[in-house]
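To keep things clear, I will list the structure first and then write my remarks on it.
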Amino acid sequence: MLKTGKPLRLRRLSLVGDDRHLLIPLDHSVSDGPVAPPGQWEDLLRALVAGGADGIIVHKGRARNLSSDILKSCALVVHLSASTACSADVDAKVLVGDVEEAVALGADAVSVHVNVGSDTEGRQLADLGAVARSCDTWGMPLIAMVYPRGPRIDNPHDPALLAHIVNVAADLGADMVKTSVALPLDRMAEVVAHSPIPVLAAGGPPDGSDLIAYGTALMAAGCRGLAVGRRVFSSPSPTALVSRLAAVVHAQTGPPGGMSMTDSHPTHYSTIVAGVA
């Protein structure tokens with residue numbers, strides 16, 4: 001029976017069943033600090049669900065306290081890795097949870113963070129391999145968040161390096177890989193072409209420029225989804241922003257609610273050369 005669990009859970013990671021994914025990471029509360037005041041946490045989650053997020057990514061403690069109705073139409077991804085901005089080495093991710101805990105919490109997937117090029121790369125790769133083995137045992141999808149970060153990385157947006165990164169994730173057993181974007185953005189197509197598993201583009205343009213056009217360009221390059229956290233949960237209207245991103249990811253003719261997307265011009269991003277998180 002466990003062998004049927006992974007495809008069933010993978011199906012729940014795409015609301016409309018098109019194998020495309022809009023995930024909202026909310027694990028920043030461990031790495032950087034509060035995402036929302038305690039009294040506003042559930043309001044934020046409901047706003048994300050109302051906008052059409054396919055899934056939210058949280059740590060196990062947050063998952064334990066979720067109201068069950070929030071997840072009626074939104075997948076739960078439990079993040080198993082952590083480090084804080086106060087650490088002597090912010091690139092050194094450690095495991096703080098396991099697959100069995102995620103199963104008990106009703107998770108639809110787990111995620112593990114690896115920084116290739118960091119001083120602790122070897123241990124992080126070993127952790128990813130161990131989690132992948134447990135995921136196969138329990139029928140749990142694994143999203144590998146693999147980034148080129150650390151003292152050995154000269155250009156984290158190099159397409160050849162990112163093509164290597166996504167293959168690391170695939171070879172060690174991940175079902176999807178979330179990673180940085182290539183620059184210029186249209187070269188993300190090269191990364192996708194070399195990946196045996198679906199690629200999710202991480203983050204958004206940190207200069208505050210048009211997130212919708214940015215996401216449109218990445219989906220046009222062949223990414224199978226977006227994982228946008230900070231730009232969403234810091235937005236004055238998370239529901240509206242998620243709704244527009246969902247329209248981009250799932251290739252609707254227009255965003256839910258009739259919002260205009262006429263300000264989306266993906267070609268503006270084909271020549272970005274620096275500064276994307």
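The backbone N or O of Val99 lies less than 3.5 Å from no partner atom in the side chain of Ser134, so there is not a single donor-acceptor pair. Side-chain atoms of Asp18 never come within 3.5 Å of backbone atoms of Ser14 as a donor-acceptor pair (strictly under, hydrogens ignored). With hydrogens and angles ignored, the 3.5 Å screen pairs a side-chain donor or acceptor of Glu121 with a backbone N or O of Gly117. Without hydrogens or angle criteria, Ser118 side chain to Asn115 main chain gives a donor-acceptor distance under 3.5 Å. A distance-only check finds no donor-acceptor pair linking the side chain of Ser29 to the backbone of Gly33 [under 3.5 Å]. Listed for the His113 side chain is no donor-acceptor partner under 3.5 Å among the backbone atoms of Ser81. For the pair Arg64 (side chain) and Leu105 (backbone), a donor-acceptor distance under 3.5 Å is absent.
Proximity of Ser180 to Leu162: side-chain heavy atoms (C-beta onward) are separated by under 4.5 Å at one or more points. Here the side chains of Asp91 and Ser83 are not in contact, with every heavy-atom distance at 4.5 Å or above. Put simply, the side chain of Leu26 does not reach to within 4.5 Å of the side chain of Ile57, judged on heavy atoms. With contacts defined as side-chain heavy-atom distances shorter than 4.5 Å, the pair Arg224/Val199 does not qualify. A heavy-atom distance below 4.5 Å is found between the side chains of Leu241 and Leu211. Residues Val30 and Val96 form no side-chain contact, since every pair of their non-hydrogen atoms from C-beta on lies 4.5 Å or further apart. Here the side chains of Val112 and Met145 are not in contact, with every heavy-atom distance at 4.5 Å or above. When side chains are defined from C-beta on, Val168 does not count as touching Val114, because their heavy atoms never get closer than 4.5 Å.
For the ring-ring contact (aromatic ring centres under 6.0 Å, His included) condition, the pairs that include at least one residue of residues 11-44, sequence neighbours left out, are His28-Phe233. Within the structure, side chain to side chain donor-acceptor pair (under 3.5 Å) pairs that include any residue of residues 94-111 comprise Arg12-Asp108, Lys60-Glu101, His79-Ser111, Glu100-Trp138 (at least two apart or interchain). The ring-ring contact (aromatic ring centres under 6.0 Å, His included) contacts involving residues 164-201 comprise nothing, where partners must be two or more places apart or lie in separate chains. The stretch residues 165-186 participates, sequence neighbours left out, in no ring-ring contact (aromatic ring centres under 6.0 Å, His included) pair at all.
A continuous path of ILVMFWY side-chain contacts below 4.5 Å connects Leu48 to Leu76, so both sit in one hydrophobic cluster. Note on Val35: it clusters hydrophobically with Val58, by side-chain heavy-atom contacts below 4.5 Å among ILVMFWY residues. Leu200 and Val166 fall into different hydrophobic clusters, where Ile, Leu, Val, Met, Phe, Trp and Tyr residues are linked whenever their side-chain heavy atoms come under 4.5 Å apart, directly or through other members. Grouping the Ile, Leu, Val, Met, Phe, Trp and Tyr side chains by contacts below 4.5 angstrom, directly or via other members, places Leu71 with Val110. Cluster membership for Leu226 and Leu10, using ILVMFWY side-chain heavy atoms within less than 4.5 angstrom, is not shared.
Once rounded to the nearest 0.5 Å, the distance linking CZ of Arg133 with CG of Leu172 reads 11.5 Å. Interatomic distance, CD1 of Ile24 versus CG of Leu45, reported as 11.0 Å (0.5 Å rounding). Atom CE of residue Met219 and atom OH of residue Tyr214 lie 13.0 Å apart, to the nearest 0.5 angstrom. Note that the CD1 atom of Ile143 and the CG atom of Leu23 stand 5.0 Å from one another [nearest 0.5 Å]. With rounding to the nearest 0.5 Å, the separation of CD1 in Ile165 from OG in Ser195 is 11.5 Å.
The two residues Arg9 and Ala107 have their closest heavy-atom pair at NE-O, 3.4 Å. Shortest non-hydrogen contact noted between Leu161 and Pro156 is CD2-CA, 4.4 Å. Shortest non-hydrogen contact noted between Ala63 and Val78 is CB-CG2, 4.2 Å. The two residues Ser209 and Pro205 make their nearest non-hydrogen contact at OG-CB, 3.3 Å. What you find for Asp210 and Ile212 is that their closest heavy atoms are OD1-N, 2.9 Å. Of all heavy-atom pairs spanning Pro238 and Leu44, the tightest one is CG-CD1, 4.1 Å.
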Using side-chain contact (heavy atoms from CB on, under 4.5 Å), reason through Ser67 and Arg46 one step at a time and then give a plain yes or no. CA-CA 10 Å; Ser67 296; Arg46 293 181 194 283; 3.9 Å; yes
Could you walk me through whether Tyr147 and Ile153 pass side-chain contact (heavy atoms from CB on, under 4.5 Å), step by step? CA-CA 10 Å; Tyr147 303 97; Ile153 302 299; over 6 Å; no
Could you go step by step and tell me if Lys6 and Asp175 meet the side-chain contact (heavy atoms from CB on, under 4.5 Å) rule? CA-CA 10 Å; Lys6 184 173 283 192; Asp175 298 289; 3.2 Å; yes
List the steps, then state whether side-chain contact (heavy atoms from CB on, under 4.5 Å) holds for His59 with Leu80. CA-CA 7 Å; His59 282 282; Leu80 304 183; over 6 Å; no
Apply the test salt bridge (charged side-chain N to carboxylate O under 4.0 Å, His left out) to residues Asp19 and Arg11: give CA-CA distance (whole Å), side-chain angles for both, the deciding distance (0.1 Å), then the verdict. CA-CA 7 Å; Asp19 293 326; Arg11 201 174 305 155; over 6 Å; no
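For Asp69, the CG atom counts as densely surrounded, since its 6.0 Å shell holds more than 12 non-hydrogen atoms of other residues, nucleotides or ligands.
For Arg152, the salt bridge (Lys or Arg N to Asp or Glu O under 4.0 Å) criterion is met by Asp119, not counting sequence neighbours. Remark: Ala132 pairs with Leu142 by the side chain to side chain contact (heavy atoms under 4.5 Å, CB included) rule, at least two apart or across chains.
Screening Val232, Leu245, Val248 against Leu22 for a side-chain contact (heavy atoms from CB on, under 4.5 Å) leaves a single residue, Leu245.
In summary, Asp127 and Lys93 do not engage in a salt bridge, as defined by a charged side-chain N under 4.0 Å from a carboxylate O.
Between the side chains of Asp54 and His250, a donor-acceptor pair is found at a separation under 3.5 Å.
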